[in-house]
Amino acid sequence: MSLKRYSRQRELIYQAVRDTQEHPTAEMVYRRLKPANPSLSLGTVYRNLNLLAEEGLLVRMPFSVERYDANTSPHTHFRCNSCGEIFDLDIPYDRSVDTIAASADPRFQVECHDLIFRGLCRQCRETPPEI
Ligand SMILES: [Zn+2]
Ligand SMILES: [Zn+2]
């Protein structure tokens, strides 16, 4: 595989994460890109997502199936207990929590924290459960 093609695929994969609010899994990125890019493999998607995360362009979110976020500044998330979707919450990031954690235990140098609220998203609240 040429370097040029490699970079083009990485750019494509990066764009796919940037273009959505979904915090997609590798599988979701693959399914979105595959129709227009028939030669793309799931392994390539995984590899490039990991590289992009190592470069600091994406945040890898440690769920049972990893998800990726192109917004790399600290922010708050909401995860739906029913459909599993992840949303950005528009509330200010609280630096004072970092300060409290840093002063509570001198063993650790705190850089940031992840806050994930859980509950039901609007769509799951409005759709009655299937019986
Ligand atoms: Zn939901
Ligand atoms: Zn996010």
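Start at 1 and go down the list; that is how both ligands and their atoms are numbered.
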Is it true that Arg32 and Glu22 make a salt bridge, defined as a side-chain N closer than 4.0 Å to a carboxylate O? yes

Are His113 and Tyr93 an aromatic pair, judged by ring center distance below 6.0 Å? yes

Report the angle formed at the Zn ion (ligand 2) by atom NE2 of His75 and atom OD2 of Asp69, rounding to the nearest 10°. 90°

Kindly give the atom name of the N, O or S atom of Asp88 closest to the Zn ion (ligand 2). OD1

Angle at the Zn ion (ligand 1) between SG of Cys121 and SG of Cys124, to 10°? 100°

Give, rounded to 10 degrees, the angle between NE2 (His77) and NE2 (His23) as seen from the Zn ion (ligand 2). 90°

Measure from NZ or CZ of Arg79 to the centre of the six-membered ring of Phe63 and say whether it is under 6.0 Å with the direction within 45° of the ring axis. yes

So, Ser73 versus Asn71: side-chain donor-acceptor pair below 3.5 Å or not? yes

